[in-house]
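Heads up: the structure comes next, in structure tokens.
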Amino acid sequence: MNFQPISPDFFQQPTIELARNLVGQYLVHQHAEGLMVVKIIETEAYMGPEDRAAHSYGNRRTKRTEIMFGEAGLVYTYQMHTHTLMNVVSGPPDKPQAVLLRAGEPIIGQELMGKFRGTTPMKNWTNGPGKLAKALDVRMSYYGHHWSKEPLFIAPGQRDIEIEIGPRVGIQNTGEAVHYPYRFSEKGHPMVSKYR
DNA sequence: GTCACGATTTCCT
DNA sequence: GGAAATCGTGACA
């Protein structure tokens, strides 16, 4: 299989639709030790100023959220405890929105992913945002990278995937934002992350 | 400079 | 099911 970066135009769509349309696409990482590809099976939208669960709620602009005020399609990496999470910046520059990549299915490079994931069973390699980043060895250094450029990019994948929509996971004390249906996943896929 | 905390994962009971 | 791990970020002085 040969993977080509998706057109930058792909990111020019409303955040909700982008989150939905990212499910089924390929996430490609040309790592120094080998090629790794996963199919994206779960995402979440973060709607910026109006979304209490978003880092950019109320247009909060800091060194960390700065990237969300930039061009759609940029990489927003964020460190949570010991883990790195990957986001796709979305929306026009005056709307600091983003899509969190929550889970994927290994397609290519399973050996290498296994190496980064240690003794974890294969089913649990990429079924969570922190796990996904670790399996692909994505670090904070990708902050500000563009998702249509090597060595880390989105490639066109499966179309017409049946999408399941639900509330987001792992956010607390954010009022009504907890219930927003901003979580998108491939219906019935065994590797989507679990609810708590 | 100090301090509290989080869009999570893993280990232990 | 509960708690620790562990550090960048943001608020405040």
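Each chain gets a letter, A, B and so on, in the order the sequences are listed, and its residues count up from 1.
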Gap between atoms [atom1] and [atom2], on [X] and [N] respectively (whole Å):
{"X": "A:Glu44", "N": "B:dA7", "atom1": "CD", "atom2": "P", "value": "11 Å"}
{"X": "A:Met80", "N": "C:dC7", "atom1": "CE", "atom2": "P", "value": "14 Å"}
{"X": "A:Ile67", "N": "B:dA7", "atom1": "CD1", "atom2": "P", "value": "19 Å"}
{"X": "A:Arg61", "N": "C:dG10", "atom1": "CZ", "atom2": "C1'", "value": "16 Å"}
{"X": "A:His55", "N": "B:dC5", "atom1": "NE2", "atom2": "C1'", "value": "11 Å"}
{"X": "A:Gln79", "N": "C:dG10", "atom1": "CD", "atom2": "C1'", "value": "16 Å"}
{"X": "A:Tyr143", "N": "C:dT9", "atom1": "OH", "atom2": "P", "value": "8 Å"}
{"X": "A:Arg64", "N": "B:dC5", "atom1": "CZ", "atom2": "P", "value": "15 Å"}

Open item on the list: Tell me whether the side-chain N/O atoms of A:Arg60 come closer than 4.0 Å to OP1 or OP2 in C:dT9.
Closed with: no
Open item on the list: Against the six-membered ring of A:Tyr180, is A:Arg52 placed for a cation-pi contact (under 6.0 Å from the centre, within 45° of the normal)?
Closed with: no
- [ ] Say whether, by atom type as modelled, one donor and one acceptor occur between the side chain of A:Arg102 and the main chain of A:Arg168 under 3.5 angstrom.
- [x] no
Task: Side-chain (A:His29) to main-chain (A:His31) donor-acceptor, under 3.5 angstrom - done: no
Of all the choices, [options], which nucleotide is nearest to the side chain of [X] once you look at every atom?
{"X": "A:Leu85", "options": "B:dT9, B:dT8, C:dG10", "answer": "B:dT8"}
{"X": "A:Thr82", "options": "C:dT9, C:dT6, B:dA7", "answer": "C:dT6"}
{"X": "A:His83", "options": "B:dT8, B:dA7, C:dT9", "answer": "B:dT8"}

Task: Nearest-nucleotide comparison on DNA chain B, the residue closer to the 5′ end among A:Ile171 and A:Arg117 - done: A:Ile171
Open item on the list: If stacking means aromatic ring centre less than 5.5 angstrom from the base's six-membered ring centre, planes under 30°, is A:His81 stacked on B:dT8?
Closed with: yes
- [ ] Please work out if A:Tyr182 contacts a base, only the sugar-phosphate, or nothing of the nucleic acid, heavy-atom cut-off 4.0 Å.
- [x] nothing
TODO: Select base, sugar-phosphate, or nothing to describe what A:Lys134 touches, counting heavy atoms under 4.0 Å on all strands.
DONE: nothing
- [ ] Would you give the length of the straight line joining atom CD of A:Glu105 to atom NZ of A:Lys123, rounded to the nearest 0.5 angstrom?
- [x] 10.5 Å
- [ ] Count the heavy atoms belonging to other residues, nucleotides or ligands that lie under 6.0 Å from CZ of A:Arg61, then report whether that count exceeds 12.
- [x] yes
Task: Separation between the C1' atoms of C:dA3 and B:dC5, rounded to whole Å - done: 16 Å
Task: Counterpart base for B:dA7, defined by Watson-Crick or G-U wobble contacts under 3.5 Å - done: none
- [ ] Tell me the partner of C:dT6, counting only Watson-Crick (N1-N3 plus N6-O4 or O6-N4) or G-U wobble (N1-O2 and O6-N3) with both under 3.5 Å; none if nothing fits.
- [x] none
